[in-house]
Amino acid sequence: QVQVVESGGGSVQSGGSLRLSCAASGFTSNNGGIGWFRQAPGKEREGVSCITNRDGTTVYADSVKGRFTISRDNAKNTVYLQMNSLKPEDTGVYYCAADRVVVRRCVLRRNDYHYWGQGTQVTVSS
């Protein structure tokens, strides 16, 4: 029974930083992956970043490359998303999700992820 819980959201000014945490209890498979997605009102949910459990391979959306960093703590079964140089365009609800099976590297496709958290709000003001 997998439970995914996000935390760390909040309100910051443009240029500020936040660190999101994702605790995926009951999800310890080395064949899986963890992804971060976000959704603004009226927009489609989009992939932000993901990490492959097997070898730590990471993937980033072009819009966040150079600003966001995804990492993991295997002992705590927790994945982090460090967000720096935040922009108003980064505003939205951020979701953590777990993919049970990753063949080679994780991908930012919503339908590949089987377990989802409830989301945490990130608001960036100008």
Side-chain angles (χ1 to χ4, degrees):
Q1 296 179 345
V2 177
Q3 293 184 348
V4 181
V5 180
E6 311 95 333
S7 62
S11 298
V12 298
Q13 294 182 345
S14 181
S17 298
L18 285 172
R19 189 183 74 162
L20 306 183
S21 298
C22 173
S25 62
F27 187 74
T28 59
S29 175
N30 196 46
N31 295 320
I34 298 292
W36 285 98
F37 296 77
R38 66 187 181 188
Q39 186 170 24
K43 295 185 178 181
E44 295 287 323
R45 189 172 300 185
E46 62 178 357
V48 176
S49 183
C50 65
I51 186 167
T52 303
N53 292 347
R54 186 185 307 109
D55 56 10
T57 301
T58 58
V59 175
Y60 297 93
D62 289 340
S63 59
V64 306
K65 286 181 179 178
R67 300 188 297 121
F68 291 11
T69 302
I70 190 170
S71 62
R72 64 180 180 179
D73 184 335
N74 291 331
K76 296 182 178 180
N77 202 25
T78 300
V79 171
Y80 304 95
L81 184 67
Q82 179 67 46
M83 305 185 295
N84 298 326
S85 302
L86 283 163
K87 306 174 181 179
E89 305 92 88
D90 296 317
T91 294
V93 178
Y94 282 67
Y95 298 89
C96 182
D99 182 1
R100 292 176 297 184
V101 179
V102 174
V103 178
R104 293 181 176 85
R105 64 165 60 186
C106 66
V107 295
L108 297 175
R109 294 196 294 259
R110 297 190 302 273
N111 290 343
D112 284 6
Y113 292 80
H114 302 87
Y115 308 101
W116 292 82
Q118 295 300 306
T120 184
Q121 177 70 41
V122 172
T123 302
V124 184
S125 62
S126 60

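- Side chains of D73 and T78: no donor on one and acceptor on the other come within 3.5 Å.
- Atom CD of Q3 sits in a sparse spot, with 12 or fewer heavy atoms from other residues, nucleotides or ligands closer than 6.0 Å.
- Closest of all the heavy-atom pairs between P88 and S126 is CG-CB, 3.9 Å.
- For the pair N53 and G33, the tightest heavy-atom approach, listed with the atom from each and the gap, is ND2-N, 3.7 Å.
- Clustering ILVMFWY residues whenever any of their side-chain heavy atoms sit less than 4.5 angstrom apart, transitively, puts W36 in the very cluster that holds V2.
- Looking at every heavy atom in both residues, F68 comes nearest to R38 through CE2-NH1, 4.1 Å.
- L86 and Y95 fall into different hydrophobic clusters, where Ile, Leu, Val, Met, Phe, Trp and Tyr residues are linked whenever their side-chain heavy atoms come under 4.5 Å apart, directly or through other members.
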Next item on the list: Please report the C-alpha distance between V4 and C22 in whole Å, then the side-chain angles of each, then the deciding distance to 0.1 Å, and finally whether the side chain to side chain contact (heavy atoms under 4.5 Å, CB included) criterion is met.
Entry: CA-CA 7 Å; V4 181; C22 173; 3.6 Å; yes
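- Of all the heavy atoms in S49 and I70, the pair that sits closest is OG-CG2, 3.3 Å.
- N84 contributes atom CG, which lies 6.5 Å from atom OG1 of T69 (distance to the nearest 0.5 angstrom).
- At distances below 3.5 Å, at least one donor-acceptor pair connects side-chain atoms of R110 with backbone N or O atoms of R45.
- Residues V124 and V93 fall into different hydrophobic clusters, defined by Ile, Leu, Val, Met, Phe, Trp and Tyr side chains chained together at heavy-atom separations under 4.5 Å.
- Salt-bridge annotation for K65 and D62: present, with a side-chain N of the basic residue lying under 4.0 Å from a carboxylate O of the acidic one.
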Note to self: Does T57 form a side chain to side chain contact (heavy atoms under 4.5 Å, CB included) with I51? I'd like the steps, not just the answer.
What the structure shows: CA-CA 6 Å; T57 301; I51 186 167; over 6 Å; no
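- In this structure, the separation between CZ on R54 and CG on N30 is 7.0 Å, given to the nearest 0.5 Å.
- To the nearest 0.5 Å, atoms SG (C50) and CZ (R109) are separated by 10.0 Å.
- Shortest non-hydrogen contact noted between N77 and G26 is ND2-N, 4.4 Å.
- Note that OG of S63 is 7.0 Å distant from CG of D90, once rounded to the nearest 0.5 Å.
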Next item on the list: Apply side chain to side chain contact (heavy atoms under 4.5 Å, CB included) to V48 and Y60, showing your working.
Entry: CA-CA 6 Å; V48 176; Y60 297 93; over 6 Å; no
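- Counting all heavy atoms, side chain and backbone alike, Y113 lies closest to I34 at CE2-C, 4.1 Å.
- The structure places CZ of R100 at 3.5 Å from NE2 of H114, a figure rounded to the nearest 0.5 Å.
- A single hydrophobic cluster is not seen to contain both V64 and Y80; linkage of ILVMFWY side chains at heavy-atom distances under 4.5 Å, directly or through other members, places them apart.
- Connection of V107 to V102 is not established within any shared hydrophobic cluster, with ILVMFWY side chains joined at heavy-atom distances below 4.5 Å, either directly or through further cluster members.
- With rounding to the nearest 0.5 Å, the separation of CD in Q82 from OG in S17 is 6.0 Å.
- Ion pair D55/R105 not flagged as a salt bridge, since none of the NZ, NE, NH1 or NH2 atoms sits closer than 4.0 Å to an Asp/Glu carboxylate oxygen.
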Next item on the list: Verify side chain to side chain contact (heavy atoms under 4.5 Å, CB included) between F37 and W116, making sure each step is shown before the conclusion.
Entry: CA-CA 10 Å; F37 296 77; W116 292 82; 3.6 Å; yes
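- Using modelled atom types and a 3.5 Å distance limit, the side chains of E89 and T91 yield no donor-acceptor pair.
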